[in-house]
Asker: 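Please read through the structure below; I'll follow up with questions.
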Amino acid sequence: MNTFFLFVLLTLAVLIGAYLYRVLQGPTIFDRVLGLNGISTKAIILLILIGSVHERVDMFIDISTGYALLNLVGALAVAKYLEQKGLP
Amino acid sequence: MRPVSSQFLLLKATALFVLWIMLSGSFNWIHLLLGATASLLIAWINSGHSPFVPNFRIWGKTILFLPWLFSRIVHSTLHVTKLILNPKLPISPKLLHVKTNLRNRAAVVLLGNSITLTPGTITAEVDDSTLIVHTLDDVSSEDVRSGRLEGKIASVFGNGDTSP
Amino acid sequence: MIFSFEIPLLILLLLTAAGAILVKDLMSAILLLGCYSFFLSLVWAWLGAVDVAFVEAVVGAGLATVLFLLTLFGTAPKDSRLRRPPPPMAALIGLPLLGILLLYAAKDLPQFGDPNSPANSHISPTYLEQSFHDTHTPNVVTSVLMDYRSLDTMVETVVIFTAGIACVLLLRRKAS
Amino acid sequence: MDVLAVIFILAGLFFLVVAAIGVIRLPDVFTRSHAVSITDSLGAFLMLIGIAIHEGFSLNVLKILAVLALLYLQNPVIAHATVRAALRAGLKPWQREST
């Protein structure tokens, strides 16, 4: 089972690379924001998976919950900022 | 400032308290007391912000609505998956202006959220009676254009659409 | 097995850091820094340092992004593009040399998780066994931070408090 | 039990891969946001349910379900905020040239 989880973790890391390409490359700033949102969803999944590998899921879920809640605040702040300032 | 609905306050405090128990995982009485105090305090501090007055009668119907929404999500996810994996990328994105007859603000919020949650359609702008929806192609926007989703939500909220 | 997931994470970390330095406008740099601290928190989580990962995720990825954005709100002119001079020659040569030196020195450090290293054979067991007897605090991390290192933590708190006051003074709405 | 968990996780992984391909392939912000919403809706759901099955019944399952509910509540809000900001900033949605 651990080998399987490692495989899933590595695949997710590669997928994060795809989103990171969008963040680094993205023609507009909104592509970057979108990539960041995708990465943060993966982050939550990855944290829980890592917890499952370490068999301490309870602690890792607390991290992912906190991360998800603050991610909402951050993403809304970014969107608000871009709405007011327009395209850079 | 509108008067604080005590029902709503208690509801918020209960939700926060459940979150507290889940995160702490301890049933020690001092932890429970601290959690209850903190959640009541937070709910009281934040009581001035919410424009919604909860309507407990529709909750059962809302929970019944969710499985239907989930089936639509699965359906359109499969559709969008086919679109993306198709080498020719047969998409024809466009912006739709959708008029809605829903007058209840909570209903409009639920409509917008359901549209966004379904892959293939995303709410780009919400006005009082118009939603601007971006769609990936005509198949994925069928529920929105035919008014099926709106009909379902209207039936959740009953026909008492009079309260704005 | 422990190292095979770190390598892709570290590659992502390096890419993000390079991107944050090379990117052309401040907003993108902020987003990339958010990404960066998220990857860092994943590395901490993978190493088993859960509380460090928690702080990194909450403060680094969440709070710092919002604070940077508030700063941009308050200060940025219309054009927030970065114009940076080319790096000085000394830095271009000196920093890689320093990095190589550090890597060379790191070879002599004990292996990660080595049970015979001094940290694991003397210090950690002492703290783990004695801290409750000394301080009556159930959490070892808390007892180290708040009791053994209390002066250090107090001065840190002073620094953070000062920074907080400065933030409030800068960001508060003008009374008009 | 573990077989079921593996099936769920692999199915979730499939949708995550599709979403990543979509994020790379699709032409503009609006269409890409659809690809991201696949991840949020079904990929994360299947993945987290798989992990919950693997964990067996305990308080952790409740926590995982809470994270899932949180994702379902917040992701539409984030996607909507981003797309609205893009629209208000004056970005034009991509359209096929031939039509």
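In what follows, chains carry the letters A, B, and so on, assigned in the order in which the sequence lines appear, proteins first and then strands, with residues in each chain numbered from 1. Keep in mind that the numbers below use all heavy atoms, side chains included, and drop hydrogens, waters and symmetry copies.
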Asker: At their closest point, which heavy atom of Ile24(D) faces which heavy atom of Ala18(A), and how far apart are they?
Answerer: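 Here Ile24(D) and Ala18(A) meet closest at CD1-O, 3.6 Å.
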Asker: What part of Gln74(D) gets within 4.5 angstrom of chain A, counting heavy atoms only: side chain, backbone, both, or neither?
Answerer: both
Asker: Give, as side chain, backbone, both or neither, the part of Ala19(D) having an atom under 4.5 angstrom from any heavy atom of chain A.
Answerer: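 Answer is both: backbone and side chain atoms of Ala19(D) are under 4.5 Å from chain A.
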Asker: Please state whether the side chain, the backbone, both or neither of Leu16(D) comes within less than 4.5 Å of a heavy atom of chain A.
Answerer: both
Asker: Report the C-alpha separation of Phe4(A) and Asp2(D) in whole Å, then their side-chain angles, then the decisive distance to 0.1 Å, and conclude whether the side-chain contact (heavy atoms from CB on, under 4.5 Å) test is met.
Answerer: CA-CA 11 Å; Phe4(A) 172 70; Asp2(D) 266 2; over 6 Å; no
Asker: For Tyr19(A) and Val36(D): C-alpha separation, side-chain torsions, deciding distance, then whether side-chain contact (heavy atoms from CB on, under 4.5 Å) applies.
Answerer: CA-CA 10 Å; Tyr19(A) 283 88; Val36(D) 175; 4.2 Å; yes
Asker: With rounding to the nearest 0.5 angstrom, report the CZ to CD1 distance, Phe5(A) to Ile51(D).
Answerer: 6.0 Å
Asker: Where is the tightest heavy-atom contact between Glu83(A) and Ala81(D), given as atom of each residue plus distance?
Answerer: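 Shortest heavy-atom contact: OE2-O, 4.5 Å.
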Asker: Please report the closest heavy-atom contact between Ala79(A) and Ala85(D), naming both atoms and the distance.
Answerer: O-CB, 3.7 Å
Asker: Rounded to the nearest 0.5 Å, what's the gap from CG on Asp31(A) to OG1 on Thr82(D)? Could you check?
Answerer: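 Spacing of CG (Asp31(A)) from OG1 (Thr82(D)) equals 11.0 Å.
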Asker: Given 3.5 Å as the limit, does a donor-acceptor pair link the side chain of Arg32(D) with the main chain of Leu34(A), or not?
Answerer: no
Asker: Which atoms of Thr11(A) are under 4.5 Å from chain D, going by heavy atoms: the side chain, the backbone, both sets, or neither?
Answerer: side chain
Asker: List the steps, then state whether side-chain contact (heavy atoms from CB on, under 4.5 Å) holds for Leu10(D) with Phe7(A).
Answerer: CA-CA 10 Å; Leu10(D) 281 182; Phe7(A) 163 74; 4.3 Å; yes
Asker: Examine whether an atom of Ile21(D) lies under 4.5 Å from a heavy atom of chain A, and if so say whether it belongs to the side chain, the backbone or both; otherwise answer neither.
Answerer: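 Nothing of Ile21(D), per the 4.5 Å heavy-atom cut-off to chain A.
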Asker: With side-chain contact (heavy atoms from CB on, under 4.5 Å) as the criterion, how do Leu12(A) and Met47(D) come out once you've worked through the C-alpha distance, each side chain's angles and the decisive distance to 0.1 Å?
Answerer: CA-CA 11 Å; Leu12(A) 276 176; Met47(D) 206 99 187; 4.1 Å; yes
Asker: In terms of heavy-atom pairs under 4.5 Å, which option from Ile44(A), Leu49(A), Val78(A) contacts chain D the most?
Answerer: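 Counting heavy-atom pairs under 4.5 Å, the top option is Leu49(A).
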Asker: Could you grab the distance from atom CG of Leu70(D) to atom CG of Leu72(A), nearest 0.5 Å is fine?
Answerer: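 Going from the CG atom of Leu70(D) to the CG atom of Leu72(A) covers 8.0 Å.
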Asker: Roughly how far, to the nearest 0.5 Å, is NE2 of His80(D) from CG of Leu76(A)?
Answerer: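 Leu76(A) atom CG to His80(D) atom NE2 measures 10.0 Å (nearest 0.5 Å).
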Asker: Among Val17(D), Leu71(D), Leu48(D), which has the most heavy-atom pairs under 4.5 Å with chain A?
Answerer: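 It is Val17(D).
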Asker: Please examine the side chains of Asp62(A) and Lys63(D), heavy atoms only from C-beta on, and report whether any two atoms are closer than 4.5 Å.
Answerer: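 They are in side-chain contact.
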Asker: Gly17(A), Ala75(A), Ala68(A): which one forms the most heavy-atom pairs within less than 4.5 Å of chain D?
Answerer: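 When all of Gly17(A), Ala75(A), Ala68(A) are compared, Ala68(A) has the most.
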Asker: Side-chain contact, heavy-atom cut-off 4.5 Å: Ile78(D) with Asn71(A)?
Answerer: yes
Asker: Can you tell which part of Thr65(A) gets under 4.5 Å to a heavy atom of chain D, answering side chain, backbone, both or neither?
Answerer: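 Both backbone and side chain.
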Asker: For the OG1 atom of Thr41(A) and the CG atom of Asn75(D), what is their distance to the nearest 0.5 Å?
Answerer: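 Taking OG1 in Thr41(A) and CG in Asn75(D), the distance rounds to 4.5 Å.
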